[in-house]
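Predicted model only: the values in this text are computed from it and were never measured.
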Amino acid sequence: MSRPGPTADPAALSFRSAVEADVPELVKLVESAYRGEASRGGWTTEADYLDGRRTDEDGVRQVMAAPDGVLLAVERAGELVACCQLEHRGDHVYFGMFAVRPGLQGGGLGKEILAEAERRARETWGAEEMRMTVVNVREDLIAYYVRRGYRRTGELSPFPYGDERFGIPLRDDLAFELLVKSL
């Protein structure tokens, strides 16, 4: 029996606000997409730049508790396959904590989720702009967002060296670059 490929079927996706019961599974999802050997199964790994944790249960809860935001849990056939953060911040919506299960990356799922996040930012908050920060050495990931209409601003903010909540840097040249898209 052949196994279906990782192509996205947007009709099969469901989006909902994450709840407390989701926290452990969300931590596993985010960790698997960015850190450690499991992350190498997809293309969004940060394992060559950062070691340690990407987030923990408290970090996920903080995102969920943001007063003007939401952590979207994305499911297909009742199974958690992705998540993303949307937070209204005055004149824009911040997009973060975006994770797609590594084995499903590269099939269009992320593109569909990003489009839904942008739609929600416009419809929920009337946002005219989406912003995100990406580790500056992640050229492949930055290129992915540029192909989806995000603009590199060249505006860098320092990486929080010494704060292991953001991981353990394996390089000394990390920073966050601001990417912006008009909605």
Side-chain angles (χ1 to χ4, degrees), residues 13-36 38-39 42 44-47 49-75 79-102 105 109-110 113-114 116-127 129-138 141-142 144-145 150 153 155-170 174-181 183:
L13 295 178
S14 64
F15 296 79
R16 63 176 175 78
S17 296
V19 295
E20 177 63 29
D22 296 320
V23 170
E25 195 172 355
L26 287 165
V27 170
K28 286 181 198 167
L29 171 66
V30 172
E31 291 294 309
S32 74
Y34 289 97
R35 303 288 164 80
S39 70
T44 62
T45 184
E46 294 175 341
Y49 314 109
L50 293 159
D51 203 357
R53 304 219 40 158
R54 171 67 163 73
T55 194
D56 59 18
E57 290 191 2
D58 288 338
V60 169
R61 285 187 186 101
Q62 286 176 356
V63 170
M64 290 170 51
D68 209 1
V70 63
L71 181 58
L72 290 177
V74 183
E75 297 176 324
E79 187 176 4
L80 182 69
V81 295
C83 67
C84 66
Q85 167 193 13
L86 294 173
E87 187 176 331
H88 186 229
R89 296 182 178 175
D91 64 347
H92 69 278
V93 169
Y94 178 79
F95 178 78
M97 202 171 276
F98 188 26
V100 174
R101 185 176 298 157
Q105 294 175 15
L109 196 62
I113 295 164
L114 185 59
E116 175 65 12
E118 292 166 358
R119 184 194 68 76
R120 287 176 182 242
R122 282 189 308 271
E123 291 185 8
T124 303
W125 293 291
E129 187 174 83
M130 184 89 89
R131 295 182 188 177
M132 68 177 74
T133 56
V134 179
V135 176
N136 63 316
V137 298
R138 296 292 321 278
L141 188 56
I142 291 170
Y144 169 85
Y145 288 119
Y150 286 80
T153 65
E155 183 179 322
L156 299 177
S157 54
F159 188 87
Y161 285 91
D163 187 343
E164 290 189 9
R165 291 177 302 159
F166 295 91
I168 302 167
L170 302 176
L174 302 179
F176 293 110
E177 182 172 350
L178 177 66
L179 304 181
V180 175
K181 180 177 182 178
L183 300 176

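Heavy atoms only, all atoms of each residue included: Val30 and Cys83 are closest at CG2-SG, 3.8 Å. Pairing each heavy atom of Met132 with each of Tyr150, the nearest pair is CE-CE2, 3.5 Å. Cys84 and Phe98 make their closest contact through CB-CD1, 3.9 Å (heavy atoms, listed as atom of the first residue, atom of the second, distance). When all heavy atoms of Asn136 and Ala175 are compared, the pair lying nearest together is OD1-N, 2.7 Å.
More than 12 non-hydrogen atoms from other residues, nucleotides or ligands lie less than 6.0 angstrom from CZ of Arg89. Annotation for Glu57: atom CD counts as buried by contact number, over 12 foreign heavy atoms lying within 6.0 Å. Few gaps surround CD on Glu129; more than 12 heavy atoms of other groups in view lie less than 6.0 Å from it.
Rounding to the nearest 0.5 Å gives a distance of 8.0 Å between CG of Leu86 and CZ of Arg120. A distance of 9.5 Å separates CD in Glu164 from CG in Asp51, rounded to the nearest 0.5 Å. Summarising the geometry, atom CE belonging to Met130 is positioned 8.0 Å from atom CZ belonging to Arg122; distances are rounded to the nearest 0.5 Å. Rounded to the nearest 0.5 angstrom, Ser17 OG and Leu72 CG are separated by 6.0 Å. Distance check, rounded to the nearest 0.5 Å: NZ of Lys181 to CD of Glu118 gives 3.5 Å.
Taking a cutoff of 4.0 Å between a charged side-chain nitrogen and a carboxylate oxygen, Arg119 and Glu116 qualify as a salt bridge.
Without hydrogens or angle criteria, Thr153 side chain to Leu178 main chain gives a donor-acceptor distance under 3.5 Å. Ser32 places a side-chain N or O within 3.5 Å of a backbone atom of Leu29 that can act as its donor or acceptor partner. Looking at Gln105, its side chain does come within 3.5 Å of a backbone N or O of Thr44 through a donor-acceptor pair. In this structure, Tyr161 contributes its side chain and Leu174 its backbone to a donor-acceptor pair below 3.5 Å. One N or O on the side chain of Arg35 and one on the backbone of Arg53 form a donor-acceptor pair closer than 3.5 Å.
Looking at Ile113 and Val100, their side chains come closer than 4.5 Å, going by heavy atoms from C-beta outward. Using a 4.5 Å heavy-atom threshold, the side chains of Phe166 and Leu50 count as separate. With contacts defined as side-chain heavy-atom distances shorter than 4.5 Å, the pair Phe159/Tyr49 does not qualify.
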